[in-house]
K.L.:
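The structure under discussion is supplied below as structure tokens; questions concerning it will follow.
None of the values given here were measured: they were computed from a predicted structure.
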Amino acid sequence: MDPSQPSGSSADASASSSSSSAVENLAAGMAAMSLQDRFELLRGIGEECIQEDELMNLLQKKPVPICYDGFEPSGRMHIAQGIVKTINVNKMVRAGCKVKIWIADWFAQLNNKMGGDIKKIQTVGRYMIEIWRAAGMNLDGVEFLWSSEEINKRANEYWPLVMDIARKNNVKRIMRCCQIMGRNDSDELTAAQIFYPCMQCADIFFLKADICQLGMDQRKVNMLAREYCDDIKRRNKPIILSHHMLPGFKEGQEKMSKSDPSSAIFMEDDEAQVNLKIKQAFCPPNIVDGNPCLEYIKYIVFPWFETFEVVRKEENGGNKTFANMNELIADYESGALHPADVKPALAKAINQILQPIRDHFKNNSEAKVLLNTVKNYKVKTEDTSSRPQAS
């Protein structure tokens with residue numbers, strides 16, 4: 001097996017499902033839910049929705065809306081990309097949507113990920129798909145699309161769209177979108193990186209997306225797409241459903257960082273690494289805001305298990321199962337729940353979530369090859385590259 005091949009493997013064949021039977025399954029799932037239930041399920045994914053009335057109107061009029069998500073294959077996958085994305089994609093599929101996941105290999109090359117080596121980038125892309133499969137992502141409603149392949153197939157459609165977006169925006173407006181690449185306005189950018197936002201904006205229309213389901217850090221380019229609709233007098237704008245960005249484990253660390261291994265749980269972390277990272281994480285007593293441990297519980301543990309179990313001695317309050325986040329917050333703010341209670345319970349829950357993925361990469365020969373190949377890339381890249389990496 002050549003781990004650098006982006007397509008043609010049995011893994012990709014089963015991961016991409018655009019058959020009529022899959023569409024029928026989506027429609028059947030949608031029929032089992034009320035319109036309001038579907039709306040609330042989708043709306044619950046987003047920290048922000050632009051606009052809610054447009055989302056409701058879309059669900060009323062289109063049987064199977066198209067949701068777009070995308071990622072740069074760029075080395076290690078942290079738990080937000082692995083588990084939170086799995087949770088969100090499964091919600092979209094359950095709500096009757098078809099999810100197109102854009103494997104942005106050309107974009108990673110533009111952004112100089114993996115030293116700009118396209119074969120390495122594509123290997124990392126296949127590794128990430130394998131993680132989502134092992135994590136339980138519902139692939140019946142998912143289509144994985146490689147940007148390099150799709151753009152080449154329909155170049156006459158894609159590049160005029162990119163050029164039109166570029167013509168209708170000045171450099172200052174495009175530079176405001178640099179955050180989407182994990183860059184700041186002050187970073188020294190290549191011409192390729194300045195071109196990148198025009199391409200990402202074009203992706204939304206190229207994929208015929210009704211809903212853009214990306215992180216809050218991608219908001220600016222999604223807004224660029226809505227502004228472009230005004231420019232071309234297009235009435236149906238893409239709906240932006242931006243999910244919350246999990247913070248890093250250190251005090252004041254607003255987001256996870258792939259360049260800081262201690263800032264997050266990564267999908268290949270073993271049990272001991274998970275325990276140590278959570279043990280060292282910032283978790284001030286009685287304080288909820290800016291507490292990364294509580295955010296992990298809210299955005300990962302509760303959506304996964306629907307409860308949070310704390311095991312402790314009787315003199316410390318005894319065992320308790322929390323049924324919702326509000327109940328947990330009340331105990332934490334009052335001091336009835338202490339960081340020393342939270343951290344071991346959180347570590348146990350995260351390890352339970354990750355164990356099937358660890359088992360898959362240990363027992364599946366193709367998955368094992370991918371993991372070892374990417375680990376080797378990671379060592380070489382960290383030794384030779386000083387560029388910042390997007391989280």
Side-chain angles (χ1 to χ4, degrees), residues 76-88 90 131 134-136 243-258 260-363 371 391:
R76 306 180 74 189
M77 179 186 276
H78 55 56
I79 196 166
Q81 203 173 20
I83 298 302
V84 177
K85 189 186 291 290
T86 296
I87 291 167
N88 289 342
N90 288 353
I131 288 177
H243 65 251
H244 178 75
M245 303 292 292
L246 278 180
F249 275 142
K250 297 177 181 177
E251 183 176 2
Q253 199 169 35
E254 292 184 358
K255 56 186 287 190
M256 301 174 176
S257 173
K258 290 183 181 179
D260 181 1
S262 65
S263 74
I265 303 299
F266 289 86
M267 296 302 289
E268 75 269 22
D269 284 350
D270 61 29
E271 187 172 340
Q273 288 172 315
V274 169
N275 292 342
L276 180 61
K277 288 181 181 182
I278 292 176
K279 183 179 179 181
Q280 296 176 341
F282 179 64
C283 189
N286 310 102
I287 298 174
V288 173
D289 290 343
N291 188 323
C293 290
L294 298 193
E295 293 226 4
Y296 265 60
I297 295 168
K298 179 179 180 179
Y299 291 101
I300 297 176
V301 178
F302 270 116
W304 197 269
F305 294 111
E306 298 183 344
T307 60
F308 181 65
E309 297 183 5
V310 172
V311 177
R312 56 192 173 184
K313 296 178 181 178
E314 285 298 326
E315 57 263 35
N316 294 329
N319 298 347
K320 184 167 182 178
T321 299
F322 293 91
N324 57 66
M325 196 65 196
N326 289 336
E327 185 184 345
L328 185 146
I329 287 172
D331 271 20
Y332 196 81
E333 287 182 328
S334 72
L337 183 64
H338 190 269
D341 305 325
V342 167
K343 288 186 174 185
L346 174 58
K348 180 181 178 181
I350 295 299
N351 278 313
Q352 284 180 317
I353 292 169
L354 294 182
Q355 193 56 49
I357 300 158
R358 295 172 185 145
D359 293 343
H360 177 73
F361 280 92
K362 179 181 178 181
N363 299 324
L371 175 59
S391 66

K.L.:
Give a yes or no answer on whether the side chain of Glu327 reaches the backbone of Ala323 with a donor-acceptor pair at less than 3.5 Å.
P.N.:
yes
K.L.:
Report the residue from Ile265, Ile79, Ile83, Thr86 that forms a side chain to side chain contact (heavy atoms under 4.5 Å, CB included) with Ile353.
P.N.:
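The residue from Ile265, Ile79, Ile83, Thr86 that satisfies side chain to side chain contact (heavy atoms under 4.5 Å, CB included) with Ile353 turns out to be Ile83.
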K.L.:
Checking the side chain of Arg76 only, and the main-chain atoms of Met267 only, is there a donor and an acceptor separated by less than 3.5 Å?
P.N.:
no
K.L.:
Any side-chain heavy atom of Gln81 sitting closer than 4.5 Å to one from Met256?
P.N.:
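No, their side chains stay 4.5 Å or more apart.
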K.L.:
Could you note down all residue pairs passing ring pair (Phe, Tyr, Trp, His ring centres under 6.0 Å) where residues 311-363 supplies at least one of them, sequence neighbours left out?
P.N.:
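Ring pair (Phe, Tyr, Trp, His ring centres under 6.0 Å) check on residues 311-363 returns Tyr127-Phe361.
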K.L.:
Locate the shortest heavy-atom distance separating Gly248 from Pro292; write the atom from each residue and the value.
P.N.:
O-CB, 3.4 Å
K.L.:
At their closest point, which heavy atom of Trp304 faces which heavy atom of Ile87, and how far apart are they?
P.N.:
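So the two residues come closest at CE3-CG1, 3.8 Å.
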K.L.:
Working to the nearest 0.5 angstrom, can you tell me the gap between Asn286 CG and Leu337 CG?
P.N.:
10.0 Å
K.L.:
Nearest 0.5 Å, what's the CD1-NZ distance between Ile357 and Lys362?
P.N.:
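These two atoms lie 15.5 Å from each other.
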K.L.:
If you count every heavy atom of other residues, nucleotides or ligands that lies below 6.0 Å from Lys277 atom NZ, does the total exceed 12?
P.N.:
yes
K.L.:
Taking all heavy atoms of Cys293 and all of Val342, pick out the closest pair and write down the distance.
P.N.:
CB-CG1, 4.3 Å
K.L.:
Going by heavy atoms in the side chains, are Gln352 and Phe305 under 4.5 Å from each other?
P.N.:
yes
K.L.:
When you compare the side chain of Leu294 with that of Met325, does any pair of heavy atoms fall below 4.5 Å?
P.N.:
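Yes, at least one pair of side-chain atoms sits under 4.5 Å.
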K.L.:
Examine distances only and state if a side-chain atom of Asn275 and a backbone atom of Asn351 form a donor-acceptor pair shorter than 3.5 Å.
P.N.:
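Here the side-chain-to-backbone pair does not exist.
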K.L.:
Please indicate whether Glu254 has more than 12 foreign heavy atoms, meaning atoms of other residues, nucleotides or ligands, lying under 6.0 Å from its CD.
P.N.:
no
K.L.:
Residues in ring pair (Phe, Tyr, Trp, His ring centres under 6.0 Å) with Tyr299, at least two apart?
P.N.:
His244
K.L.:
Tell me, please, which residues at least two apart from Tyr296 pass ring pair (Phe, Tyr, Trp, His ring centres under 6.0 Å).
P.N.:
Phe249
K.L.:
Begin from the C-alpha positions of Asp341 and Lys320 and carry the test salt bridge (Lys or Arg N to Asp or Glu O under 4.0 Å) through to its verdict.
P.N.:
CA-CA 10 Å; Asp341 305 325; Lys320 184 167 182 178; over 6 Å; no
K.L.:
So does Ser262 get a backbone contact from the side chain of Lys250, meaning a donor-acceptor N/O pair under 3.5 Å?
P.N.:
no
K.L.:
Can you tell me how far the CG atom of Asn319 sits from the CD atom of Glu314, to the nearest 0.5 Å?
P.N.:
7.0 Å
K.L.:
Indicate the atoms forming the closest heavy-atom contact of Pro339 with Pro344, along with that distance.
P.N.:
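Smallest heavy-atom distance, with atoms named: O-CD, 4.3 Å.
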K.L.:
Closest approach of Gln253 and Asp260, non-hydrogen atoms and distance?
P.N.:
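In this case the closest contact between Gln253 and Asp260 is NE2-OD2, 3.2 Å.
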K.L.:
Supply the atom-to-atom distance Glu333 CD to Asp331 CG, rounded to the nearest 0.5 angstrom.
P.N.:
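Going from the CD atom of Glu333 to the CG atom of Asp331 covers 10.0 Å.
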K.L.:
Return yes if a side-chain donor-acceptor contact under 3.5 Å exists between Asp359 and Gln355, otherwise no.
P.N.:
yes
K.L.:
Hey, does Leu246 have a side-chain heavy atom less than 4.5 Å from the side chain of His78?
P.N.:
no
K.L.:
Counting neighbours of NZ on Lys348 that are heavy atoms of other residues, nucleotides or ligands and sit closer than 6.0 Å, is the number greater than 12?
P.N.:
no
K.L.:
Using modelled atom types only, decide if a donor and an acceptor are shared between the side chain of Arg312 and the backbone of Gly318 within a distance under 3.5 Å.
P.N.:
yes
K.L.:
Out of curiosity, Leu328 CG to Thr321 OG1, how far, rounded to the nearest 0.5 Å?
P.N.:
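Answer for the CG-OG1 pair, Leu328 versus Thr321, is 11.5 Å.
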K.L.:
For Lys279 versus Lys343, what's the shortest heavy-atom pair and its separation?
P.N.:
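Of all heavy-atom pairs spanning Lys279 and Lys343, the closest is O-NZ, 2.8 Å.
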K.L.:
Should we count CG of Asp289 as having more than 12 external heavy atoms under 6.0 Å?
P.N.:
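Not more than 12 within 6.0 Å, no.
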